[in-house]
Amino acid sequence: MPETKMEVGKSAAEREIVLSRVFDAPRQMVWDAWTDPKQVALWWGPKGFTTTIEEMDVRPGGLWKQVLHGPDGTDYLNESVFLEVVQNERLVYTLTGGRKGGPMVQFEKATTFEEEAGGTRVTMRLIFASAEARDQNVRDYGSIEGAKQAFQRLEDYLAGQFVETTAKA
């Protein structure tokens with residue numbers, strides 16, 4: 001099983017979280033899983049969560065509204081605005097959200113998709129306003145563990161898609 005690489009506080013500003021993982025799937029397939037709202041709804045979020053995509057317009061200035069439904073019944077409303085979209089290579093967007101009554105989260109996320117070793121390396125860089133904001137996000141929302149679980153769910157989803165795709169070929 002591939003390991004998710006993680007780096008916390010190693011950036012110049014020490015206000016970032018960087019996660020990276022190689023998926024055993026072609027870059028186009030990984031990109032599609034990340035940007036097609038029907039596919040995103042099938043794997044997005046930590047283990048045990050479900051996701052409702054209310055809107056996902058993947059273009060600069062486009063909105064992405066989603067609700068993460070926790071296994072305990074808590075809903076987490078998130079709204080993002082895409083800042084940069086480079087097909088199959090890079091997504092940059094802002095995210096604002098959180099659970100009702102909980103602390104609001106705001107950060108910028110840059111995600112890159114690179115071909116590597118016959119698969120696709122996905123690197124997510126979450127950039128917070130301050131180290132304190134990053135630490136609060138990790139403490140209050142478990143963002144690092146949640147992202148690692150989401151990567152695992154993506155890998156499981158892609159494995160099923162890859163088998164289905166190659167079986168049809």
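Keep in mind the model is a prediction, meaning the values are calculated, not measured.
- For the pair T123 (side chain) and S20 (backbone), a donor-acceptor distance under 3.5 Å is absent.
- Transitive grouping of hydrophobic side chains (ILVMFWY, heavy atoms separated by less than 4.5 Å) keeps V67 and V105 in distinct clusters.
- Remark: the E132 side chain and the Q136 side chain contain no N/O donor-acceptor pair separated by less than 3.5 Å.
- Remark: side-chain polar atoms of Y141 are paired, donor with acceptor, to backbone N or O of R99 under 3.5 angstrom.
- The nearest pair of heavy atoms linking R15 to F128 is NH1-O, 2.6 Å.
- Other residues, nucleotides and ligands contribute more than 12 heavy atoms inside 6.0 Å of the CD atom of E84.
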Inset, instruction - Would you sort out whether T94 and L83 count as a side chain to side chain contact (heavy atoms under 4.5 Å, CB included), showing the intermediate values? - result: CA-CA 7 Å; T94 60; L83 304 174; 3.8 Å; yes
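- Under the 4.5 Å side-chain heavy-atom criterion for ILVMFWY residues, no single connected hydrophobic cluster contains both W44 and V92.
- No side-chain heavy atom of R27 sits less than 4.5 Å from a side-chain heavy atom of R121.
- K148 and R21 get closest at one heavy-atom pair: O-NH1, 4.2 Å.
- The distance from atom NZ of K47 to atom CG of D156, rounded to the nearest 0.5 Å, is 10.0 Å.
- Taking each heavy atom of E16 and R134 in turn, the nearest pair found is O-CD, 3.3 Å.
- You'll find the side chain of L91 reaches within 4.5 Å of the side chain of W31, heavy atoms only.
- Under the 4.5 Å side-chain criterion, counting only non-hydrogen atoms from C-beta, F151 is in contact with M124.
- When hydrophobic clusters are built by joining Ile, Leu, Val, Met, Phe, Trp and Tyr residues whose side-chain heavy atoms come closer than 4.5 Å, directly or via intermediates, V18 is not grouped with I127.
- Here the options are N78, L126, V81, the test is side chain to side chain contact (heavy atoms under 4.5 Å, CB included), and the partner is L95; only N78 passes.
- The CD atom of E79 sits 12.0 Å away from atom CH2 of W64, with the distance rounded to the nearest 0.5 Å.
- Between V122 and F23 there is a side-chain heavy-atom pair separated by less than 4.5 Å.
- Taking 4.5 Å as the limit, every side-chain heavy atom of N88 sits out of range of all side-chain heavy atoms of F113.
- By the rule that hydrophobic residues join a cluster once side-chain heavy atoms approach within less than 4.5 Å of another member, L77 and Y93 end up as members of separate clusters.
- Tracing side-chain contacts under 4.5 Å through hydrophobic residues (I, L, V, M, F, W, Y), one never reaches Y76 starting from L63; they form parts of separate clusters.
- Counting heavy atoms from C-beta outward, E155 and W43 have side chains that stay 4.5 Å or more apart.
- How far CG of L154 is from CD of Q39: 9.5 Å, rounded to the nearest 0.5 Å.
- Note that CD1 of I144 and CG of L19 are 7.0 Å apart. Values are rounded to the nearest 0.5 Å.
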Legend entry - From CA spacing to verdict: side chain to side chain contact (heavy atoms under 4.5 Å, CB included), F82, D57: CA-CA 8 Å; F82 289 99; D57 183 8; 5.8 Å; no
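- Scanning both residues, M56 and W34, for their nearest heavy atoms gives CE-O, 3.4 Å.
- In K109, the NZ atom is crowded: over 12 heavy atoms of neighbouring residues, nucleotides or ligands sit closer than 6.0 Å.
- Taken to the nearest 0.5 Å, the CD atom of Q66 stands 12.0 Å off from the CD atom of E55.
- Nearest heavy atoms, L42 versus K38: CG-O, 3.4 Å.
- Using a 4.5 Å cut-off on side-chain heavy atoms (C-beta onward), I17 and F107 make no contact.
- Of all non-hydrogen atoms in T35 and V40, the two that sit nearest each other are N-CG2, 4.1 Å.
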